[in-house]
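What follows is a short report on a single structure.
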Amino acid sequence: MKSRKILTALFTAASVATLLGAAPVTVNAASSNSGSATTSTKKSPKLVIQNTPKLSKWGYVVNVNFSAQPIYVGKSNYAKLVNNPLFKGTRTVSPKKIKNVRFKVEKVMHFKGVSGSPEYFVTSKDHKYNGWTPSAGLQYYAINSKPLQRVIKPLKKIEGRSPIKQNGKFTSKGTITDRKWLAKNEHDYALAVKAAKKLKGNQRKFVLGSLKQMKQDGVLRNVMMEKKDNILLWSVN
């Protein structure tokens, strides 16, 4: 799965480069109340920035990994970067050197009119470290702990279970109609929930909440469902 992260990061970087080489970009800032995008000019936007309450509500629970885009050092960069992903600071830090620093996801940026994965604005608690990066560069801070791995193991089975069979028991939109396939997913999901209930404190709350959201979003049945609003699923690889 590491190769997938590398390809995602490279693909996103290429998309940003395309935008920088194109016509002037209009950046959209989200309304703090509604979360909807508002355009600052009459030009068609290339980037749309929005609040992401489903991710922000968890607070400082993500770490950056080797796939992360540049993380800038300096508190002054926070205000410059939060609504301007094209801002370039003067000092960056390797994700390896801050692998234990926890970040909060505050914004999401969608590309409009150009192919590319969403990017997320993350900041450390003291705003010393800030940056925009695709989900491939982020993971739940405790994902490698043994208790969490008991949750992740069955989720990996769900992710890796290919629905593509010769009889084609799924719709063009990716919704599964194969009952046996779905039953296996539901079985593994139940194992993940069982393991999550053995966790403690905030970890238990986070993981159970993420699993509940996963089911509500239809991930068990829809293989084309994006993981854009689920930090736990970003870490299943």
Side-chain angles (χ1 to χ4, degrees), residues 1-12 52 54-55 58 61-68 95-96 99-100 102-103 105 108 117-120 122 133-166 168-171 173-237:
M1 292 296 179
K2 287 186 177 180
S3 60
R4 182 186 301 177
K5 282 194 171 187
I6 294 172
L7 287 174
T8 301
L10 290 175
F11 184 64
T12 304
T52 177
K54 285 185 178 181
L55 300 175
W58 298 116
V61 298
V62 298
N63 294 145
V64 294
N65 60 41
F66 71 95
S67 295
K96 292 181 180 180
K99 62 182 181 180
N100 294 321
R102 297 188 193 179
F103 290 81
V105 181
V108 60
S117 301
E119 287 201 10
Y120 300 86
V122 294
T133 187
S135 61
L138 304 170
Q139 62 187 25
Y140 181 56
Y141 78 94
I143 201 63
N144 293 317
S145 68
K146 288 184 178 180
L148 257 295
Q149 285 302 307
R150 296 188 185 99
V151 177
I152 296 302
K153 186 176 180 179
L155 293 183
K156 283 185 176 181
K157 291 182 179 180
I158 294 174
E159 183 190 43
R161 186 171 289 122
S162 173
I164 302 177
K165 300 179 181 180
Q166 292 182 354
K169 293 184 177 180
F170 58 98
T171 69
K173 294 183 178 181
T175 301
I176 299 301
T177 59
D178 187 332
R179 292 185 178 180
K180 290 184 179 179
W181 188 96
L182 181 59
K184 290 180 180 179
N185 274 2
E186 290 178 336
H187 171 74
D188 288 325
Y189 176 81
L191 291 179
V193 172
K194 183 179 180 180
K197 288 181 178 179
K198 294 180 180 180
L199 300 174
K200 299 180 180 180
N202 290 333
Q203 274 194 15
R204 186 177 189 274
K205 182 179 179 180
F206 167 78
V207 175
L208 286 175
S210 298
L211 290 172
K212 181 179 179 180
Q213 181 185 330
M214 173 183 173
K215 193 166 187 178
Q216 289 176 339
D217 288 344
V219 176
L220 295 182
R221 187 180 290 271
N222 192 333
V223 297
M224 296 173 69
M225 179 67 67
E226 293 184 12
K227 303 176 182 179
K228 60 184 179 181
D229 291 328
N230 199 312
I231 293 170
L232 182 66
L233 294 188
W234 292 351
S235 309
V236 180
N237 47 61

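Below, all heavy atoms of this structure are taken into account, side chains as well, without hydrogens, waters or symmetry copies. Bear in mind the structure is a predicted one, so any value in this text is a computation, not a measurement.
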Let's go through L232 and L155 carefully: what are the C-alpha distance in whole Å and the side-chain angles of both, what is the deciding distance for side-chain contact (heavy atoms from CB on, under 4.5 Å) to 0.1 Å, and is it a yes or a no? CA-CA 10 Å; L232 182 66; L155 293 183; 4.0 Å; yes
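Contact check for Y141 versus K99: no side-chain heavy atoms found under the 4.5 Å cut-off. Between K212 and L208 the shortest side-chain heavy-atom distance does not fall below 4.5 Å.
To the nearest 0.5 Å, the span separating CG on L138 from OG on S135 amounts to 7.0 Å. The NZ atom of K157 lies 11.0 Å from the NZ atom of K184; values are rounded to the nearest 0.5 Å. Atom NZ in K54 sits 11.5 Å away from atom OG in S210 (nearest 0.5 Å). How far CD1 of I231 is from CZ of F206: 5.0 Å, rounded to the nearest 0.5 Å. Note: N230 CG to Y140 OH = 12.0 Å, rounded to the nearest 0.5 Å. Atom CD of E186 and atom CG of L191 lie 12.5 Å apart (nearest 0.5 Å).
In this structure a side-chain-to-backbone donor-acceptor pair under 3.5 Å is missing from R102 to V61. In this structure, the side chain of Q213 engages the main chain of D229 through a donor-acceptor pair within 3.5 Å. Side-chain atoms of D188 never come within 3.5 Å of backbone atoms of I158 as a donor-acceptor pair (strictly under, hydrogens ignored). T52 places no side-chain N or O within donor-acceptor distance of the main-chain N or O of V108, the cut-off being under 3.5 Å. A distance-only check finds no donor-acceptor pair linking the side chain of N65 to the backbone of P95 [under 3.5 Å]. Between the side chain of Q139 and the backbone N or O of V64, no donor-acceptor pair lies under 3.5 Å.
Ring centroids of Y120 and W234 are separated by less than 6.0 Å, placing the two rings close together.
Considering only residues two or more places apart in sequence or on other chains, Y189 meets the ring-ring contact (aromatic ring centres under 6.0 Å, His included) condition with none of them. F103 pairs by the ring-ring contact (aromatic ring centres under 6.0 Å, His included) definition with nothing, not counting sequence neighbours.
Heavy atoms only, all atoms of each residue included: Q203 and A142 are closest at NE2-CB, 3.3 Å. The minimum heavy-atom distance between T133 and S67, with the atom names listed, is OG1-O, 4.2 Å. Residues L199 and P147 come closest through the heavy atom pair CD2-CB, 3.5 Å. Contact between Q149 and I143 at its shortest, heavy atoms only, is NE2-O, 2.6 Å.
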